Amino acid sequence: MVRRLARPHHRPARKWQRSVDTLLNNLDIFTTGFKNTAILFVVSAVFALILGTIVGGMRVSPVPVMRAMGTVYVNIVRNTPLTLIFFFFVFGYPKLGLAELSYPVLAIIALTLYTATYVAETLRAGINTVPLGQAEAARAIGLPFMQSLSLVILPQAFRAVMPPMISVFIALLKNTTVAAGFSVAEAGAIRANLSERGEPAIVVLLWVAFVFVVLVALLSAIQHHFEKKWQVTR
Amino acid sequence: MTTEPAVRPLVSLKNVNKHFGALHVLQNINLDVSKGEVVVIIGPSGSGKSTLCRAINRLETIDDGEILIDGKRLPSEGKELAALRADVGMVFQSFNLFAHKTILENVTLGPIKVKNMRPADAKELATNLLTRVGVATQAEKLPAQLSGGQQQRVAIARALAMKPKVILFDEPTSALDPEMINEVLDVMVELAAEGMTMVVVTHEMGFARKAANRVVFMADGEIVEQDTPEQFFTNPRSLRAQEFLSKILK
Ligand SMILES: Nc1ncnc2c1ncn2[C@@H]1O[C@H](COP(=O)(O)OP(=O)(O)OP(=O)(O)O)[C@@H](O)[C@H]1O
Ligand SMILES: [Mg+2]
């Protein structure tokens with residue numbers, strides 16, 4: 001393989017053809033891989049957003065116990081490498097004798113718990129950017145606490161954090177590949193599967209990387225769009 | 001027991017005290033405001049004017065004493081407090097319009113969410129109020145697109161939309177460029193003339209003379225003296241008021 005790379009200009013058209021063949025002949029494995037990546041990503045993203053919003057709310061809660069619980073969770077999980085969290089769920093969790101869960105479900109739990117801490121911290125930073133006067137004005141017209149939060153504070157906090165929040169989800173998208181190391185057949189596992197079919201590893205990896213770049217570029221475009229759109233509001 | 005006075009005050013503070021740590025920021029404050037009255041609160045920086053104003057709708061809590069709005073004691077938290085706040089309008093120095101909502105939505109939010117008004121009715125009410133304060137043409141813009149004077153007039157419309165019994169103003173013109181002060185004061189003078197009950201923290205003597213029934217002078221957390229604007233500005237009795245006036249008249 002090294003020798004092949006050393007002569008990159010040898011019949012380039014053939015080579016390109018071969019690369020495309022690698023993709024087309026194994027489309028099944030590619031699509032399964034990316035389908036699983038998409039499922040891991042979307043499901044973890046939704047749960048992380050919900051859990052993260054709750055934890056972020058706890059972090060700014062006037063109740064000290066809530067604040068403390070939020071802080072402990074965020075600090076412990078965020079300072080643990082993702083692979084360790086996966087290790088815990090894939091090898092540790094089954095030994096706890098709790099309900100048996102499949103690898104993809106465990107992967108989603110690991111990704112959710114990990115990503116939620118970033119969502120919470122990003123949201124908390126966003127809430128802190130909303131001036132105190134906004135909450136006071138909301139209270140002054142007679143809005144109760146929960147409505148002040150949901151109608152006035154959170155919409156502004158979400159707008160302020162949209163770009164960094166999308167960065168959190170871009171990281172999540174990349175982190176889904178960690179699941180490959182733990183027997184989940186997502187996109188990161190495509191290479192291993194195709195090597196078994198005798199396909200050149202480097203070509204496969206390049207294709208996988210290419211699709212990831214496209215996906216991340218897509219998310220970045222959305223991020224850019226929101227940055228532009230909400231500039232006026234802030 | 002003394003008998004109830006024939007007309008009870010709309011706002012009544014009785015022996016109100018508040019500390020910020022060691023600082024005794026409100027010292028035994030007694031103040032009654034009757035319906036339709038316009039009271040101007042004046043005094044040096046740090047004397048507790050904002051704190052007093054904010055205590056009336058409980059944006060600041062108090063340590064002891066009591067505050068009554070239309071005879072009802074201020075509830076401490078929850079739905080009741082929110083309901084009572086709907087009756088007490090507030091206009092802030094820094095406007096505090098909801099930054100993510102249009103001018104129209106700023107005014108309709110309270111009527112729709114707090115008073116359960118139908119959106120169409122709230123819109124009509126808001127449009128009338130915006131016309132009254134002279135910013136109806138800006139209805140679809142966001143607050144950041146308006147001048148300070150326009151934003152403050154919207155803030156007044158937002159307060160009026162709740163049909164409050166009293167409106168509190170905390171230095172409503174001190175964040176404004178000089179050329180915009182009058183457009184806001186004019187709206188306030190008009191409100192006063194229509195009989196709105198108002199508590200106004202301001203150093204605008206022109207407004208006080210034109211619209212106020214009473215000037216309350218505060219210093220170091222105490223109400224030092226109160227009088228008609230004419231009497232207070234031409235003939236202050238306390239030494240501290242004399243000193244203060246000589247400084248701001250310079
Ligand atoms: N949240 C707070 N915590 C601690 N001290 C405070 C707080 N708010 C106000 N103070 C202090 O209380 C005192 C009175 O403040 P207040 O804002 O009521 O004065 P003011 O008369 O409105 O002054 P200004 O004319 O500058 O607005 C000041 O010394 C101020 O520093
Ligand atoms: Mg003040």
Side-chain angles (χ1 to χ4, degrees), chain A residues 49 53 56-58 60-67 122-166 222-223 225-234, chain B residues 50 53-54 56-60 75 77-102 105-116 141-145 151 154-155 157-170 175:
Chain A
L49 197 60
T53 304
M58 286 166 70
V60 295
S61 158
V63 186
V65 183
M66 291 282 203
R67 266 205 315 274
T122 307
L123 198 58
R124 184 170 73 109
I127 289 174
N128 289 338
T129 65
V130 180
L132 193 61
Q134 295 287 306
E136 292 191 339
R139 284 191 277 158
I141 59 168
L143 290 173
F145 176 75
M146 283 309 284
Q147 282 194 328
S148 300
L149 202 64
S150 63
L151 295 172
V152 175
I153 309 302
L154 281 180
Q156 295 188 54
F158 274 120
R159 280 166 201 222
V161 300
M162 197 45 103
M165 195 64 91
I166 291 179
I222 295 172
Q223 184 175 27
H225 169 77
F226 280 123
E227 247 165 2
K228 277 259 163 68
K229 184 175 168 193
W230 283 335
Q231 239 158 19
V232 197
T233 346
R234 308 207 5 246
Chain B
S50 295
C53 198
R54 292 160 56 84
I56 295 175
N57 67 354
R58 214 180 158 87
L59 286 180
E60 298 285 355
E77 265 312 323
K79 284 249 182 283
E80 278 172 76
L81 177 62
L84 195 127
R85 277 181 177 145
D87 284 342
V88 182
M90 176 121 196
V91 174
F92 301 85
Q93 181 175 350
S94 46
F95 330 133
N96 296 349
L97 293 181
F98 305 129
H100 62 307
K101 298 215 171 278
T102 65
E105 289 167 344
N106 263 274
V107 183
T108 57
L109 186 71
I112 293 173
K113 297 294 178 184
V114 179
K115 300 216 147 168
N116 298 316
K141 290 191 181 160
L142 288 170
Q145 295 170 290
Q151 288 191 54
V154 174
R158 176 175 69 180
L160 286 173
M162 299 305 292
K163 305 213 162 66
K165 293 174 178 164
V166 51
I167 305 187
L168 313 170
F169 294 81
D170 187 5

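Just so we're on the same page: letters track the sequence lines, and every chain starts at 1. On a predicted model such as this, the values are computed, not experimentally measured, just so you know. Scope of the values below: all heavy atoms of this structure, side chains included, with no hydrogens, waters or symmetry mates.
With B:K101 as the fixed residue, the side chain to side chain contact (heavy atoms under 4.5 Å, CB included) test singles out one of B:V107, B:N106, B:L142: B:N106.
Contacts of A:E136 with chain B are made by both backbone and side-chain atoms, with heavy-atom separations under 4.5 Å. For B:F92, the part sitting under 4.5 Å from any heavy atom of chain A is the side chain, from C-beta outward, and nothing else. In this structure, chain A has no heavy atom under 4.5 Å from any part of B:L84.
Within a 6.0 Å radius of NZ in B:K165, more than 12 heavy atoms belonging to other residues, nucleotides or ligands are found.
Proximity of a side-chain donor or acceptor of B:R85 to a complementary backbone N or O of B:R58 within less than 3.5 Å is detected. With hydrogens and angles disregarded, a donor-acceptor distance shorter than 3.5 Å links the side chain of B:H100 to the backbone of A:L151.
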